[in-house]
Amino acid sequence: MIKMTLSRLWRFFISLWETADQVAREKAVSAVEPELEELEHIFALLVQGSFVGIPSPPMQISLDLLPLMEKEIILMTDKMDTANEPLSHLFSVFDIS
Amino acid sequence: MKTPRILFFMGKGGTGKSTMSALAGVSLARENKKVLVVSLDAAHNLSDIFQAKLSNRANKVDENLFAREVDQETIIRSYLNTTRDALKRSYAYLSAFNLDGYFDILKHSPGLEEYALVMAFQSIIEKNSDVDCLIFDMPPTALSLKFFNLPFLSRQWINHLKTLREKINEKKKIVSRIKLAGKDYTKDKILGRIDRMNEQYLSLEKSFQNSDTTDLFVVLNNNPLAVTETRRIIADLEAKKIFIKQILWNREMGKGKGKDLSGFPDYAAHLYFPEARFDLFGTGALGRYLDENGIGSEAFSFI
């Protein structure tokens, strides 16, 4: 009986530890991830900027990279939703309410 | 594997670039050198000058002398088809919705003329290592300068994109290390592609600048516009550390006597080609012109 209780307790502490660890890890990268996303967005804009009318590299550079840029293009189109409210996006990143 | 000597003939339209390329070809072939003259100019005057039907393959026009015309449109089409196919492979799931056909519009992408010339140039260099001299009859100035500018401009973009990509990868590694204990980080295909492009353009840039393997000739005549345009060509190339070897004055009867050569660099030699008394059509006529005017292969040969 005691053994079972101890085992349950052990599992509980392990799960508590894992959750706390996960939360801490999420918290640690919460500022880096949006920055990374923005960098990828800038990269997509620079390479495929001709889609939205900004100067772009020589056409062959854009075309050579295009088949590898699925993720960046999705990110670029997603960004269009928040493009009108950059400040609110920034506030949500830094958790300012 | 030997490296062929590369000779470029450029200048204002109508000054005689194709004739000079053909004369150089005939002159060098007479010295038992295997020569391939390539027209990169869409006007394609070489077939008229050699009086031969030329195509996208090397056609023999005389002993040791071959010529071919590059079809820009075919090269652009083939490149865009390759890109379209790569896109279709990457986005293969779109075929489930019959949406992959939308990529077909890529075959109408503009602004690839100079890249088509660069692709043709690289392919010709790779496939003709058995040739002693490769002579390129270039298109008129604007496109020729874009051709020489392409590796420099592309490398500026590539270097900037590379720096940005490295920064992205650095951040990705941090996220992966903290969140996933480094399990999810895979090699970045985009950076790999950027690195390959960088190598390709750097090698092209160096081959343009290497005066041991590459000779640049500018052709002009007494037309004041041709003279000023030639000065601009020289200055533009100098800025990229590409130096003209010879300045060829076409239809010049006075052998340059009393000519104002101010504004031309000291490092480039001037050579004068008198007006021909007969039509320069066919290798026979070209050879006769060289003999009558005492122009030997040393005019074009720096080997």
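Every chain is numbered from 1 and lettered A, B, ... according to where its sequence line falls, protein lines coming before strand lines. All values reported here derive from a predicted model rather than from experimental measurement.
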Let's go through Leu36(A) and Ile174(B) carefully: what are the C-alpha distance in whole Å and the side-chain angles of both, what is the deciding distance for side chain to side chain contact (heavy atoms under 4.5 Å, CB included) to 0.1 Å, and is it a yes or a no? CA-CA 10 Å; Leu36(A) 172 62; Ile174(B) 294 172; over 6 Å; no

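- Of the atoms belonging to Ser62(A), not a single heavy atom falls under 4.5 Å from chain B.
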Would you please test Ile61(A) and Tyr115(B) for side chain to side chain contact (heavy atoms under 4.5 Å, CB included) and show each step? CA-CA 10 Å; Ile61(A) 295 182; Tyr115(B) 188 55; over 6 Å; no

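- Going from atom CD1 of Ile168(B) over to atom CD of Glu38(A) covers 11.0 Å, rounded to the nearest 0.5 Å.
- Two residues are said to be in side-chain contact when any heavy atoms from C-beta on lie closer than 4.5 Å; Val32(A) and Ile178(B) fail this criterion.
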Can you check side chain to side chain contact (heavy atoms under 4.5 Å, CB included) on Val47(A) and Ile190(B), steps first, answer last? CA-CA 11 Å; Val47(A) 177; Ile190(B) 293 181; over 6 Å; no

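- Lys240(B) NZ: more than 12 foreign heavy atoms inside a 6.0 Å radius.
- For the atom pair CD of Glu170(B) and CG of Leu39(A), the computed distance is 9.5 Å after rounding to the nearest 0.5 Å.
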Go through the steps to decide whether Arg165(B) and Glu72(A) satisfy the test salt bridge (Lys or Arg N to Asp or Glu O under 4.0 Å), and finish with yes or no. CA-CA 12 Å; Arg165(B) 204 68 210 170; Glu72(A) 282 80 0; 3.1 Å; yes

Before giving the answer on salt bridge (Lys or Arg N to Asp or Glu O under 4.0 Å), spell out for Glu40(A) and Lys172(B) the whole-Å C-alpha distance, their side-chain angles and the decisive distance to 0.1 Å. CA-CA 10 Å; Glu40(A) 286 184 311; Lys172(B) 268 188 185 168; 3.3 Å; yes

Residues Met197(B), Leu65(A); criterion side chain to side chain contact (heavy atoms under 4.5 Å, CB included); working and verdict: CA-CA 10 Å; Met197(B) 279 196 269; Leu65(A) 294 177; 3.7 Å; yes

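- Pairing each heavy atom of Arg193(B) with each of Leu68(A), the nearest pair is CB-CD1, 3.8 Å.
- If you measure heavy-atom distances from Leu46(A) to chain B, the contacts under 4.5 Å come from both the backbone and the side chain.
- Residues Ser154(B) and Gln60(A) have side chains in contact (heavy-atom distance under 4.5 Å, counting atoms from C-beta outward).
- Within the 4.5 Å cutoff, the side chain of Leu150(B) has no heavy atoms near those of the Pro58(A) side chain.
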